[in-house]
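As structure tokens, the structure follows; a few thoughts come after it.
Please read all numbers here as calculations on a predicted model, not as lab measurements. Sequence positions, counted from 1, serve as the residue numbers for this chain.
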Amino acid sequence: KISMNIVAGIITAVICAGLLFLSALIPQKMIQDNCYESACYFAERETYPNLKKGYFFTRQDNFGDCLMTHISWQIEEEEPVISALKAPYYTEKSQGINYNFINAMEQELAPNTEHARYWNGSMVFLRPLFVWFSITQIRIILAVVFLLEMVVATVLLSKTIRRGECFGY
């Protein structure tokens, strides 16, 4: 049983890495317009705004989304494996990530920093989505997907509870 779990883990890691490298093959030109629209969006916004003033749980993480969008933009399709693992982006310490991103796009600045310490698996979804959508549209798509998942989970859980298969009943 342990060896099956190890094999399953290795297969999962290979599939995840393969999908990441495949997403890195998407040419930068194909995502340029939507990434630029996203960079403009982030440049006009605070890094951590509260969508409803006074309610911390409405805080939006524009920093993380901007960073992942910036990394998605800076991936080089010529070296997809190395580039995807390095997760490169441009940064200048005196500016915020949102200004670094738009400056990198407008001035065609090469990446000078790596975000390799994390698994950036969201790029598997982001880079293909940036072919057709900007970050605001992607957020809406992901919100709809989340709501659908919540509905499905609620329906499945309610069926399980009604059958008495939950909580030892």
Side-chain angles (χ1 to χ4, degrees), residues 1-26 30-31 33-75 80-81 83-89 96-98 101 114-169:
K1 199 170 190 178
I2 291 174
S3 62
M4 288 299 292
N5 287 337
I6 291 171
V7 169
I10 291 170
I11 291 171
T12 301
V14 168
I15 289 171
C16 289
L19 289 173
L20 181 65
F21 303 147
L22 278 175
S23 73
L25 291 173
I26 296 171
M30 289 183 72
I31 64 173
D33 292 340
N34 286 315
C35 281
Y36 184 73
E37 185 179 328
S38 301
C40 292
Y41 169 85
F42 289 122
E44 296 169 355
R45 306 239 167 3
E46 294 177 39
T47 310
Y48 297 103
N50 285 340
L51 299 178
K52 183 153 171 89
K53 201 171 195 129
Y55 294 94
F56 181 78
F57 63 87
T58 67
R59 179 159 287 179
Q60 191 172 38
D61 185 5
N62 284 335
F63 180 89
D65 289 352
C66 183
L67 181 61
M68 286 298 103
T69 306
H70 192 164
I71 290 170
S72 293
W73 162 250
Q74 293 280 9
I75 295 287
V81 174
S83 191
L85 291 175
K86 283 184 176 181
Y89 66 101
I97 188 71
N98 48 354
F101 181 25
E114 296 175 2
H115 200 257
R117 62 189 174 274
Y118 296 105
W119 168 252
N120 297 295
S122 63
M123 284 189 295
V124 168
F125 302 104
L126 288 177
R127 280 186 65 88
L129 286 171
F130 280 126
V131 172
W132 298 285
F133 306 106
S134 70
I135 193 66
T136 53
Q137 296 163 324
I138 291 171
R139 283 177 169 175
I140 291 168
I141 290 167
L142 294 178
V144 169
V145 169
F146 173 75
L147 288 173
L148 290 173
E149 289 175 342
M150 292 301 294
V151 168
V152 169
T154 301
V155 168
L156 292 175
L157 184 59
S158 67
K159 286 182 179 181
T160 302
I161 290 172
R162 274 192 235 130
R163 284 194 307 257
E165 298 172 10
C166 199
F167 309 115
Y169 297 112

Minimal non-hydrogen separation, Ser72 against Leu126, with atom names: OG-CB, 4.0 Å
Salt bridge (Lys or Arg N to Asp or Glu O under 4.0 Å) contacts touching residues 3-15 (sequence neighbours left out): none
Pairs touching residues 121-131 that satisfy salt bridge (Lys or Arg N to Asp or Glu O under 4.0 Å), sequence neighbours left out: none
Main-chain N/O of Cys66 paired to Asn98 side chain as donor or acceptor, under 3.5 Å: no
Which residues share a side chain to side chain donor-acceptor pair (under 3.5 Å) with Asp33, sequence neighbours left out: none
Those residues that, when tested against Ile6, pass side chain to side chain contact (heavy atoms under 4.5 Å, CB included) (two or more places apart): Ile2, Ile10
Check: Asn120 side chain, Met123 main-chain N or O, donor-acceptor pair, under 3.5 Å: no
Under the side chain to side chain donor-acceptor pair (under 3.5 Å) test, residues paired with Glu37 that sit two or more places apart: Ser134
Side chain to side chain donor-acceptor pair (under 3.5 Å) against Tyr48, all qualifying residues, sequence neighbours excluded: none
Side chain to side chain contact (heavy atoms under 4.5 Å, CB included) against Lys1, all qualifying residues, sequence neighbours excluded: none
Side chain to side chain, Ile97 and Tyr89, heavy atoms closer than 4.5 Å: yes
Parallel, tilted or perpendicular, as decided by the 30° and 60° cut-offs, for the rings of Phe101 and Phe42: tilted
Phe130: ring pair (Phe, Tyr, Trp, His ring centres under 6.0 Å) partners, not counting sequence neighbours: none
Residues which pass side chain to side chain contact (heavy atoms under 4.5 Å, CB included) with Gln60, listed by chain and number, not counting sequence neighbours: Tyr41, Pro49, Leu51, Asn62, Arg139
If you look only at distance, which donor and acceptor atoms sit under 3.5 Å apart when one is on a side chain in residues 11-24 and the other is two or more places apart or in another chain?
from	atom 1	to	atom 2	distance (Å)
Thr12	OG1	Ala8	O	2.8
Ser23	OG	Leu20	O	2.7

By side chain to side chain contact (heavy atoms under 4.5 Å, CB included) - contacts of Tyr55 (at least two apart): Lys52, Phe57, Thr58
